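Heads up, the thing below is written out as structure tokens.
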Amino acid sequence: MRKTVVIGGGISGLATAYALQTSAGSVANYELLESSGHLGGKITTDSADGFLIEGGPDSFLTQKRAAVDLCRELGLGDQIIGSNHTATPSTYVLNRGRLHPMPEGMMLMAPTMILPILRSGLISWPGKLRMGLEIFVGRNESDPDESLASFVRRRMGQELLDKIAGPLMAGIHAGDPERLSLRSTFPIFADMEKTHRSLVLGMMKRKKAQAGQASKAAKTSTAKPPAMFTTLSGGLQQLPDAIAARLNPQQVRLNCRVQSLTMEGNQYSIHLSDGSSILADNVVFATPAYVTADIVQQLDPALAGRLRAIRYVSTSTVSLAFRRSELTCALNGFGFIVPAAEGRKINACSWSSTKFNHRAPDDCVLMRVFIGGALTEDLVEQDEAMLINMARQELREIMGITATPVLARAYRWKKSNPQYNVGHSVLVDEIDRAVEAHPGLFLAGAAFRGSGIPDCIQSGMDTAKKIMQQPSAAPRSTESNASPVPVAS
Ligand SMILES: Cc1cc2nc3c(=O)[nH]c(=O)nc-3n(C[C@H](O)[C@H](O)[C@H](O)COP(=O)(O)OP(=O)(O)OC[C@H]3O[C@@H](n4cnc5c(N)ncnc54)[C@H](O)[C@@H]3O)c2cc1C
């Protein structure tokens with residue numbers, strides 16, 4: 001079997017190596033190189049004093065099956081836990097300094113129920129009227145790649161953009177709604193407009209169809225529908241750990257930084273920071289796009305330029321735990337989001353121990369504050385102690401929490417979140433074409449067609465499949481058709 005080197009031991013690289021290992025068995029000829037001493041990349045779970053703290057992601061979507069299926073395949077089926085059912089509302093929105101319940105039935109930007117919107121004190125009457133006019137708004141016929149902000153403003157109005165869609169949807173990508181591409185981040189809404197014209201009408205049809213399916217399912221099964229967010233009872237780190245346990249330890253190298261890539265005859269020569277090199281027939285990059293750019297710079301500067309055009313932003317999470325008896329507010333929900341117009345330093349706060357079980361001892365609560373992203377990236381430059389102080393100050397002013405935390409941890413994620421800005425899909429197609437000029441080179445991971453954990457797993461699985469389907473000795477050509485592109489700011 002031809003040799004494959006996978007660069008990057010985050011969930012994308014691990015999924016690639018795992019799929020190669022399971023499909024080729026004992027003859028699987030791969031090596032996984034990870035620059036840090038930790039497997040899992042952004043997935044990192046810490047535990048201390050009965051708390052389970054997620055430094056990076058805390059859950060994955062169940063709709064996209066790759067993560068749930070992989071957990072089951074790895075024997076983690078009994079560890080999968082859904083988000084708790086809370087009395088509605090599950091999320092709050094900070095508006096003029098006060099936490100307001102998100103109207104029931106909001107599906108990100110689109111309402112699925114009318115009455116809760118009408119009753120909501122969050123949206124003004126002119127704002128509600130503008131949302132109602134959505135059913136008369138025509139399709140976007142001119143702009144195939146509209147920004148998230150432009151789409152929401154056009155369909156639902158500025159107020160919904162400012163108060164809900166901006167902080168919630170752009171918040172998921174730590175992005176700027178004026179720059180994020182709707183088609184690359186939430187294609188479901190672009191498709192809904194194409195099919196139904198109106199999101200409100202589309203949502204109603206969808207709800208009706210789902211109700212029909214649910215009543216059919218209820219007749220045949222007593223199982224509860226799956227929760228939207230899923231995690232593992234011992235924390236998400238269980239997933240990379242379970243994959244690592246299936247890999248051959250001889251084929252996984254930690255603390256092994258790749259610096260550059262050149263051709264040596266028909267093979268790739270992978271140069272490591274310790275001065276040594278490895279020869280391989282296939283190379284899978286499961287690294288952030290700007291890291292991949294540096295590695296391929298010498299091999300193909302035009303490809304490197306395109307990879308660098310994918311912008312990344314920095315974020316931070318601060319986890320704080322308090323004694324339940326010292327809080328005056330009920331944490332009845334998953335947390336709150338903060339619209340930019342509020343002028344606060346935090347973007348959102350998850351009430352982690354309400355959202356998921358097994359996160360804190362019974363007499364305590366755990367919450368997680370989000371800082372940074374495209375609009376306030378400079379805040380992440382501060383050190384951990386300052387980030388913790390900032391998070392405490394913000395929770396004091398927003399939630400009235402004056403208690404001293406029993407636990408406080410900050411995680412800084414420098415250049416961690418890829419931005420799928422307008423033009424992203426064209427850029428990714430160009431990158432794909434440039435990579436095709438290098439047989440045996442593959443790109444996986446969060447930078448391209450989905451940054452959620454299930455997308456990353458799927459990208460790793462798909463990459464392994466392509467490698468396994470290769471003809472046994474493909475001819476090499478290193479010519480790239482790509483022309484140089486300017487590096488994006
Ligand atoms: C704060 C935060 C919260 C998030 N929350 C969620 C969530 O709740 N749900 C969800 O689905 N997604 C979430 N995401 C997104 C998701 O976590 C990531 O997109 C995903 O984990 C990325 O996986 P990856 O393997 O592609 O990249 P990474 O995890 O970045 O892995 C890349 C690996 O490459 C290694 N590496 C880098 N350079 C080199 C080199 N030169 N040589 C060798 N190795 C190298 C790195 O050390 C790293 O281990 C979140 C992201 C962040 C930052």
Side-chain angles (χ1 to χ4, degrees), residues 5-17 31-45 54-64 66-68 83 171-174 228-231 235-237 239-240 243-244 252-261 270-274 278 283-296 312-319 334 347-348 350 352 355-356 368-373 380 410-420 443-460 463:
V5 162
V6 180
I7 308 173
I11 192 64
S12 307
L14 286 168
T16 313
E31 215 168 342
L32 176 68
L33 312 180
E34 164 55 41
S35 59
S36 73
H38 161 255
L39 286 175
K42 294 192 174 83
I43 300 179
T44 168
T45 309
E54 298 287 9
D58 73 343
S59 56
F60 48 79
L61 284 176
T62 35
Q63 280 160 329
K64 296 185 179 179
V68 177
S83 46
I172 291 171
H173 294 272
M228 196 173 181
F229 298 106
T230 302
T231 190
L236 282 183
Q237 184 67 46
L239 176 56
I243 300 177
V252 178
R253 284 170 69 176
L254 296 178
N255 303 307
C256 178
R257 178 175 297 278
V258 175
Q259 266 180 335
S260 62
L261 188 75
I270 297 138
H271 307 287
L272 310 180
S273 57
D274 66 2
I278 304 172
V283 180
V284 178
F285 287 94
T287 34
Y290 56 89
V291 172
T292 308
D294 288 348
I295 298 173
V296 301
Y312 278 68
V313 299
S314 305
T315 53
S316 167
T317 62
V318 178
S319 285
F334 292 165
N347 306 326
S350 271
S352 311
K355 193 169 168 189
F356 294 114
R368 199 159 92 117
V369 170
F370 294 82
I371 297 171
V380 183
Y411 297 80
R412 289 195 307 154
W413 296 104
K414 297 295 279 291
K415 297 292 168 209
S416 56
N417 296 67
Q419 299 295 289
Y420 292 6
L443 302 178
F448 308 107
R449 293 193 167 87
S451 59
I453 291 171
D455 302 302
C456 291
I457 292 171
Q458 193 62 55
S459 79
T463 302

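Since the structure is predicted, the reported quantities are computational estimates derived from the model, not experimental observations. Heads up: numbering here begins at 1 and tracks the sequence. Basis for what follows: all heavy atoms, side chains included, without hydrogens, waters or symmetry-related copies. For ligands, and for the atoms within them, numbers begin at 1 and follow the listed sequence.
- Of all non-hydrogen atoms in Thr45 and Gln237, the two that sit nearest each other are OG1-N, 2.9 Å.
- By the 30° and 60° cut-offs, the orientation of the rings of Tyr290 relative to Tyr312 is perpendicular.
- Distance CD1/Ile172 to CG/Asn417: 12.0 Å, rounded to 0.5 Å.
- Among all protein heavy atoms, the one lying closest to atom 38 (N) of ligand 1 is Val291 CG1, 3.4 Å.
- For ligand 1, one of its N or O atoms has an N or O atom of Ser59 under 3.5 Å away.
- Taking distance alone, with nitrogen or oxygen atoms compared against 3.5 Å, Glu34 approaches ligand 1 more closely than that limit.
- Contact of the Leu261 side chain with the Phe285 side chain is registered, since non-hydrogen atoms from C-beta on lie closer than 4.5 Å.
- From the protein, the heavy atom lying nearest to atom 26 (O) of ligand 1 is Ser12 OG, 2.7 Å.
- Counting only heavy atoms of the protein, atom 39 (C) of ligand 1 lies nearest to Ser35 OG, 3.5 Å.
- Rounded to the nearest 0.5 angstrom, Ser12 OG and Ile7 CD1 are separated by 13.5 Å.
- Two residues are said to be in side-chain contact when any heavy atoms from C-beta on lie closer than 4.5 Å; Trp413 and Thr317 meet this criterion.
- Residue Thr315 has no N or O atom closer than 3.5 Å to an N or O atom of ligand 1.
- For ligand 1, the atoms lying closer than 4.0 Å to a non-hydrogen atom of Gly10 are 25 (O), 29 (O), 31 (O), 33 (C), 49 (O).
- Put simply, the side chain of Pro288 does not reach to within 4.5 Å of the side chain of Lys415, judged on heavy atoms.
- Ligand-side atoms of ligand 1 in range of Arg257: 41 (N), 42 (N), range being under 4.0 angstrom from any heavy atom.
- Here is the list of ligand 1 atoms found below 4.0 Å of a heavy atom in Gly41: 29 (O), 31 (O), 48 (C), 49 (O).
- Of the protein's non-hydrogen atoms, the one nearest atom 20 (C) of ligand 1 is Cys456 SG, 3.9 Å.
- For ligand 1, one of its N or O atoms has an N or O atom of Val258 under 3.5 Å away.
- Where the criterion is an N or O separation shorter than 3.5 Å, residue side chain and backbone included, Ser416 fails it with respect to ligand 1.
- From the protein, the heavy atom lying nearest to atom 29 (O) of ligand 1 is Lys42 N, 2.9 Å.
- By the criterion of a heavy-atom distance under 4.0 Å, the backbone of Ala286, and not its side chain, is placed next to ligand 1.
- Within ligand 1, counting atoms from 1 as listed, the ones closer than 4.0 Å to a heavy atom of Ile7 are 42 (N), 43 (C).
- The structure places CD of Glu54 at 8.0 Å from OG1 of Thr44, a figure rounded to the nearest 0.5 Å.
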For this session: Determine, stepwise, if the pair Glu31 / Ile270 fulfils side-chain contact (heavy atoms from CB on, under 4.5 Å).
Result: CA-CA 11 Å; Glu31 215 168 342; Ile270 297 138; over 6 Å; no
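- Annotation: atom 16 (C) of ligand 1 to nearest protein heavy atom, Ser451 O, 3.5 Å.
- Here's the thing with Trp413: none of its N/O atoms is less than 3.5 angstrom from an N/O atom of ligand 1.
- For ligand 1 and Gly8, the ligand atoms under 4.0 Å from any heavy atom of the residue are 33 (C), 34 (O), 35 (C), 44 (N).
- Residue Phe60 forms a side chain to side chain contact (heavy atoms under 4.5 Å, CB included) with just one option from Ile457, Ile43, Val68, and that option is Val68.
- Residue Ala444 does not touch ligand 1, judged by heavy-atom distances below 4.0 Å.
- Under the side chain to side chain contact (heavy atoms under 4.5 Å, CB included) criterion, Ser316 pairs with Val318, Ile371, Val380, Leu387, Arg412, not counting sequence neighbours.
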For this session: Could you give me the CA-CA distance, side-chain angles and deciding distance for Val283 and Val258, then say whether side-chain contact (heavy atoms from CB on, under 4.5 Å) is met?
Result: CA-CA 11 Å; Val283 180; Val258 175; over 6 Å; no
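- The backbone of Leu33, and not its side chain, has at least one atom closer than 4.0 Å to an atom of ligand 1 (non-hydrogen atoms only; backbone = N, CA, C, O).
- Residue-level proximity to ligand 1 for Ile11 is carried by backbone and side chain together, each with a heavy atom below 4.0 angstrom.
- Within the 4.0 Å heavy-atom criterion, both parts of Ile453, backbone and side chain, lie near ligand 1.
- For atom 13 (C) of ligand 1, the nearest non-hydrogen atom from the set Ser459, Gly9, Pro57 belongs to Pro57.
- Between Asp58 and ligand 1, a contact under 3.5 Å exists for at least one N or O pair.
- Here is the list of ligand 1 atoms found below 4.0 Å of a heavy atom in Thr287: 34 (O), 36 (N), 37 (C), 38 (N), 39 (C), 45 (C).
- For ligand 1, the atoms closer than 4.0 angstrom to any heavy atom of Asn417 are 53 (C).
- Residues Cys456 and Ile11 come closest through the heavy atom pair CB-CG2, 3.7 Å.
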For this session: Begin with the C-alpha distance, continue with both residues' side-chain angles, and end with the deciding distance and a verdict on side-chain contact (heavy atoms from CB on, under 4.5 Å) for Ser459 and Arg449.
Result: CA-CA 8 Å; Ser459 79; Arg449 293 193 167 87; over 6 Å; no
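- The distance from the OG1 atom of Thr231 to the NZ atom of Lys355 is 9.0 Å, given to the nearest 0.5 Å.
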